[in-house]
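The shown structure was predicted, so the numbers you read here are calculated from the model rather than taken from an experiment. Chain A is the first sequence line, chain B the second, and so forth, proteins listed ahead of strands; every chain is numbered from 1.
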2 protein chains.
Amino acid sequence: MKSDRPTIRDIAAMAGVSAGTVSRAMNGLPGVGADTRRRISEIIAEQGFRVDATARQLSTGRSNTLGVLFPLHASEVVMHPIYPELLGALGDAAERAGYDILLLTMSRDQPAHVRDTVVRRRVDGVVMPAAGPRDPLLRQLTDLGAPVVLIGHRSRLPSVGWVDCTHDTAAREVTRMMLDAGRRDLVLMNGPVHVSACKLRSAGFWAEVTEAGPAVASAREVSVPFDTAAATAEALTLLSGDSPPDAIVCASDTIAAGVLDAARSLGLSVPDDLAVSGFDDSPFGALTQPTLTTVRMPLHDIGRAAAEMLFAMIDQRPTSRRVVLPTEVVVRASTSPAFMPPAP
Amino acid sequence: MKSDRPTIRDIAAMAGVSAGTVSRAMNGLPGVGADTRRRISEIIAEQGFRVDATARQLSTGRSNTLGVLFPLHASEVVMHPIYPELLGALGDAAERAGYDILLLTMSRDQPAHVRDTVVRRRVDGVVMPAAGPRDPLLRQLTDLGAPVVLIGHRSRLPSVGWVDCTHDTAAREVTRMMLDAGRRDLVLMNGPVHVSACKLRSAGFWAEVTEAGPAVASAREVSVPFDTAAATAEALTLLSGDSPPDAIVCASDTIAAGVLDAARSLGLSVPDDLAVSGFDDSPFGALTQPTLTTVRMPLHDIGRAAAEMLFAMIDQRPTSRRVVLPTEVVVRASTSPAFMPPAP
DNA sequence: CCGGTTTACGCAACCGGTTGCGTTATCCTG
DNA sequence: CAGGATAACGCAACCGGTTGCGTAAACCGG
């Protein structure tokens with residue numbers, strides 16, 4: 001950094017006032033005359049002066065920084081396409097609000113690194129996407145008094161906020177769509193059940209099955225990791241078993257891709273012999289054969305809501321700490337339209 | 001932040017020394033007795049003292065922060081699966097080296113925001129993934145004297161470093177693989193030609209075609225955006241034209257997905273009638289039907305190399321500013337194996 | 001044992017903002 | 001016009017580290 005940028009005292013000297021006055025003028029505080037204020041802001045503009053965030057942090061104790069968790073292990077979290085989209089929404093909201101985003105990389109061999117970074121850098125608040133309420137890190141952060149907002153998980157702790165979407169009603173809608181199309185033997189291929197979103201999806205599925213009563217002949221739920229190969233194997237077992245389902249609701253698009261794969265290798269036609277739905281609206285869902293019916297989460301809204309909740313918590317403004325946003329079912333070719341005659 | 005954490009003077013008082021001595025002891029500087037040093041580090045450990053990065057920044061002028069560009073518009077850059085993987089590699093390297101990563105969100109309506117953030121936060125160096133040498137931002141940053149490393153682009157400016165991979169030889173290898181399998185009518189479906197990676201891929205393709213001489217009957221190059229729908233349309237035109245190709249080398253997996261789509265709708269068999277290859281090794285490449293032959297870039301190595309180059313530039317250590325890393329061709333089902341009899 | 005060098009540390013200024021308090025000038029009201 | 005209230009600023013201490021310089025003590029060789 002060769003360029004010695006002007007300090008607030010340089011600006012003050014040019015304007016013939018003291019540094020304190022410049023500070024007050026910049027921050028819109030009272031105690032500065034109208035013409036003085038104007039003169040100062042002119043000089044600031046023409047000098048291209050930008051207040052040094054570091055110095056401001058030191059004196060105010062606030063950094064205007066929010067940390068976002070970035071798990072280095074668990075690459076599936078970060079590599080999942082929802083992650084960058086969330087990050088973008090957070091970044092957008094942060095930029096508008098004058099905050100910067102610090103990546104909180106979390107590796108298995110440095111468990112204290114996130115907490116250390118939060119205190120070292122005076123991070124004002126933390127967003128934890130895809131980290132559960134049982135994560136010990138959450139406890140560490142709340143013990144510090146740092147505001148925390150979870151995304152995609154729900155916590156009972158009153159001090160932590162969360163933003164989530166309607167996994168349950170989404171699963172329910174998809175299930176109903178299957179039933180409306182005449183499917184009678186349903187399977188929910190869920191993800192790991194400790195994931196709170198999966199619990200909700202399960203609840204929605206079973207709620208609809210229960211309500212449908214005799215319209216459904218059989219309903220089962222299995223759990224697989226969010227992994228295409230594992231899903232293929234499980235689907236092969238299901239589809240070549242005694243009572244193969246005619247509809248599989250999957251808890252992720254990667255699982256659904258595995259199911260499509262299994263159906264193909266068994267010579268089953270999708271959606272004629274088998275209806276398949278996914279979750280997440282991953283970009284590749286439009287590229288599969290057939291294209292995948294799935295559930296889109298309002299990621300941009302989720303990110304924005306999380307950021308705004310965090311800002312409110314930082315400023316100690318009252319705010320709802322529980323936000324649930326609506327999902328949207330994206331109907332494509334892997335499910336048949338409603339009111340088709342049921343298979344004989 | 002309720003917890004008033006101890007300052008360096010508190011530690012000094014407990015150790016019965018001055019703050020300066022504690023500072024020297026922490027940073028391994030000379031001028032501290034062995035037993036004093038030991039006593040101080042014990043107290044630091046038992047108090048859980050962490051040096052305040054803000055204060056240190058202010059006095060040293062260095063922030064131990066590196067900025068990573070995050071274009072909010074141009075979501076295709078960020079949503080591309082290579083982005084999070086790069087980010088992870090950068091984060092990993094940064095964490096090891098004691099740096100933190102600040103996201104430099106760039107939006108169209110705030111063109112100066114990145115530069116402002118770099119000066120405001122005293123960012124030590126900037127990584128620009130997927131930003132070209134002609135980007136005005138690059139100029140702004142170098143004018144500031146900030147070290148910059150590009151990823152995936154090459155610049156002639158001596159002051160900026162870059163890390164890239166062998167797009168040219170990768171394209172060449174794929175093309176040769178096509179020829180070895182008996183293909184004779186080739187098309188390169190390239191991305192936007194202003195992208196430097198696309199220039200290199202084009203060069204590699206044509207180099208191989210030229211060298212193959214009479215083994216190739218025809219060779220063409222077309223340019224489409226990195227977009228599946230656009231690629232489908234273009235591929236339909238090509239494949240239903242007068243002299244349809246028997247091999248299409250694509251500059252991205254998304255383009256290749258479009259080609260697969262077009263082939264399917266024309267009733268062409270891949271790879272029997274048509275060989276298709278992609279680029280980037282996107283996760284969905286293993287899920288397409290047929291699975292996609294593609295090129296994998298060493299993203300983790302690229303990220304690490306970029307980070308380490310940047311650290312060296314920041315410390316004014318000598319370092320290579322041009323790094324090219326090797327790619328790897330991932331052979332799957334969309335290309336046929338070599339030495340098949342050429343089509344009659 | 002003595003003079004000079006080295007070592008170990010304290011002191012205080014500094015980094016660049018913010019903010020409470022004190023002072024002076026201006027305004028308003030009776 | 002006198003008097004107090006108010007507005008507009010300056011001053012200086014602070015935030016929590018770092019670092020150049022000064023000094024006293026320990027050490028060294030001759």
Task: N or O in side chain of A:Thr21 less than 4.0 angstrom from D:dG10 OP1/OP2 - done: yes
Task: hbond_proxy B:Arg5 side chain to D:dG16 base (donor-acceptor, 3.5 Å cutoff) - done: no
Open item on the list: Nearest to the B:Ser23 side chain among D:dT19, D:dC15, C:dG17, which nucleotide is it?
Closed with: D:dT19
Open item on the list: Of the options D:dT19, C:dT18, C:dG10, whose atoms approach the side-chain atoms of B:Thr60 most closely?
Closed with: D:dT19
Task: N or O in side chain of A:Thr36 less than 4.0 angstrom from D:dC9 OP1/OP2 - done: yes
Open item on the list: Looking at the base of D:dG16, is there any donor atom on it, or on the side chain of A:Arg121, that sits under 3.5 Å from an acceptor on the other one?
Closed with: no
Open item on the list: Please pick, from D:dC11, C:dG17, D:dT18, the nucleotide with the shortest atom-to-atom distance to any side-chain atom of A:Ser18.
Closed with: D:dC11
TODO: Find which nucleotide of DNA chain D each of B:Arg50 and B:Arg24 is nearest to by heavy atoms, and output the residue with the more 5' nucleotide.
DONE: B:Arg50
Task: N/O donor-acceptor pair, side chain B:Arg56 with base D:dG16, under 3.5 angstrom - done: no
Task: Residue pair A:Thr65 / B:Arg121, side-chain heavy-atom distance below 4.5 Å - done: yes
Open item on the list: Checking B:Asn27 against B:Arg56: is there a side-chain donor and acceptor pair closer than 3.5 Å?
Closed with: yes
- [ ] Output yes when at least one side-chain N/O atom of B:Thr54 is less than 4.0 Å from OP1 or OP2 of D:dG17, else no.
- [x] no
- [ ] Please tell me which of the listed nucleotides, C:dG16, D:dG17, D:dC15, lies nearest to the side chain of B:Ala55?
- [x] D:dG17
Open item on the list: I'd like to know if B:Asp143 and B:Arg139 make a salt bridge, using a cut-off of under 4.0 Å between side-chain N and carboxylate O.
Closed with: yes
Open item on the list: Can you see if the side chain of B:Ser59 gets near the phosphate of C:dC15 - specifically, an N or O under 4.0 Å from OP1 or OP2?
Closed with: no
Task: Ion pair B:Asp92/B:Arg304, N-O distance below 4.0 Å - done: no
